[in-house]
Amino acid sequence: MPVDVWGLDGLTLSGLEARGGDAAMIMANGTAAGSRSGVRPGDPGLTTTLAGSTINVSAGVATVAYAGQGVYRVWQPSSVSPGSVAAAHATLPRVDLVYLRVWDTAVDGAGLAKADVVYLAGTASASPVAPTPAGTMVYMPLATISVPASGGGSPTVSLAVRPVTVAPGGIVPDAAATGLYVGQYRDNGTGLQRWSGSAWVYPEPLGIGSSLYRRKSADTPRTTATLADDLHLIVPVVANAEYTIDGMLHWITTDATNADMNLDFGVPAGSSGTYLGFAQPTSAGATDTDGPIRTMSTPIDTARLFGASTASGNPSGLMLRAVLVTAGTAGNFSVQFARSGGSGTVTLLAHSWIDLRRRA
């Protein structure tokens, strides 16, 4: 059987032969000569929106792969509407589908050679799911539309089903991307991951030996006793890992009697560890000069109170040493703080910092 080759003078290729050659330009899907369908990362094209009940899909391009048929390159030069959202069910919600269809009579026998956007209403149910287009057809999902029961609100669009594809070797922005070869990369929304051949692992800066440093660029005042993250001091951490933590935090208060520092740390669910904070203990009318140092070891997710100075030129401070062991859940390590009492303002000052180093 002859081998089909692009770009030879005098050689005529069928549509199937041309599409088969195009498959070499698109990321594989794990099958022989197969490709990953999708839009291009960063391309706002083929976005589904609603104007009232009217469905609109913007102009754009996509590659639509089909087993044994190579890759269909599709260009929609202007916005189109595949229709309007069907009327809501009286008592049950529904999920509808918007998809890009390629009509190829050699595949589906429909007698057509074109592409268009199609709207398919789902079946109302207590637990609705998006419908699957019936028959043998070449298509790529673009959006789902959640339709509440009558009187339950307006339909909403989700683009989560719309796939993204890249050139071979490209980084796929998809947390669910399948690992196909050693050295493949994906962006899972938290960081860059590499396929080791058996698992997705983080390279630097989230890998073993990496240093994750954060410094506050501005003061953050708190007038509430409710603990909350300091938005400058948040670091992503991975599941099943071990970190040592160093840091320096400093703060002032407007009321040393009622507004000491209440300090805690946010960690992913199931994490363990301890911290040691070298700082002045809490006391009514905390001193603005040297005083006793609190050195009690504390579980990593347990709040402790520390003294706070009222002298803006002589803030209270804490030197931090800690260990964090994450379980099966990734997430963030964060510094959390609040005032300790019912009045006053405690302010975590600029140039406070933390440094996490992954050890295992």
Side-chain angles (χ1 to χ4, degrees), residues 190-192 201-222 227-253 260-282 286 289-309 313-340 346-360:
T190 299
L192 194 63
V201 297
Y202 286 96
E204 300 291 347
L206 298 180
I208 294 174
S210 61
S211 176
L212 300 167
Y213 169 77
R214 297 291 187 273
R215 179 187 66 85
K216 280 184 65 59
S217 57
D219 297 346
T220 301
R222 289 272 162 86
L227 287 162
D229 290 341
D230 182 282
L231 299 183
H232 297 116
L233 301 178
I234 300 177
V235 178
V237 293
V238 301
N240 303 308
E242 299 181 17
Y243 298 86
T244 54
I245 305 168
D246 296 288
M248 187 277 289
L249 308 175
H250 61 146
W251 57 83
I252 57 173
T253 183
D260 283 327
M261 169 61 78
N262 187 11
L263 183 67
D264 199 1
F265 301 101
V267 297
S271 297
S272 61
T274 59
Y275 72 92
L276 190 63
F278 297 87
Q280 187 177 18
T282 182
T289 58
D290 294 341
I293 299 297
R294 181 172 198 162
T295 58
M296 182 183 296
S297 179
T298 306
I300 193 71
D301 59 351
T302 300
R304 289 289 182 187
L305 300 181
F306 295 94
S309 167
N314 189 26
S316 299
L318 174 145
M319 294 301 297
L320 174 67
R321 300 300 301 273
V323 62
L324 170 67
V325 180
T326 59
T329 303
N332 290 321
F333 173 84
S334 62
V335 173
Q336 301 178 338
F337 79 99
R339 74 179 185 206
S340 62
V346 64
T347 300
L348 190 59
L349 300 174
H351 303 303
S352 296
W353 60 270
I354 54 173
D355 188 6
L356 278 69
R357 183 172 293 275
R358 186 175 173 190
R359 302 294 184 174

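The model shown is predicted, which means the values in this text are computed figures rather than measured ones.
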Just verifying a value: how many Å separate [X] [atom1] and [Y] [atom2], rounded to the nearest 0.5 Å?
| X | Y | atom1 | atom2 | answer |
| --- | --- | --- | --- | --- |
| Tyr243 | Ser211 | OH | OG | 11.5 Å |
| Asp355 | Thr244 | CG | OG1 | 8.0 Å |
| Phe306 | Phe337 | CZ | CZ | 14.5 Å |
| Ile245 | Leu212 | CD1 | CG | 10.0 Å |
| Trp251 | Ser352 | CH2 | OG | 8.0 Å |

Salt-bridge present (Asp230, Lys216; N to O < 4.0 Å)
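Salt bridge flag = yes for Lys216 with Asp230.
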
Can you list everything that forms a salt bridge (charged side-chain N to carboxylate O under 4.0 Å, His left out) with [X]? Sequence neighbours excluded, please.
| X | answer |
| --- | --- |
| Arg359 | none |
| Asp219 | none |
| Asp301 | none |

So, using side chain to side chain contact (heavy atoms under 4.5 Å, CB included) as the criterion, who are the partners of Asp264 when residues are at least two apart?
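So Asp264 forms a side chain to side chain contact (heavy atoms under 4.5 Å, CB included) with Leu227, Ala303, Gln336.
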
Mind checking what makes side chain to side chain contact (heavy atoms under 4.5 Å, CB included) contact with Ala228, not counting sequence neighbours?
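Here the qualifying residues are Arg222.
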
Side-chain contact, heavy-atom cut-off 4.5 Å: Thr326 with Val267?
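Sidechains of Val267 and Thr326: no contact.
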
I'd like to check the ring pair (Phe, Tyr, Trp, His ring centres under 6.0 Å) partners of Phe333; sequence neighbours left out, ordered by chain and number.
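For Phe333, the residues satisfying ring pair (Phe, Tyr, Trp, His ring centres under 6.0 Å) (neighbours in sequence not counted) are Phe265.
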
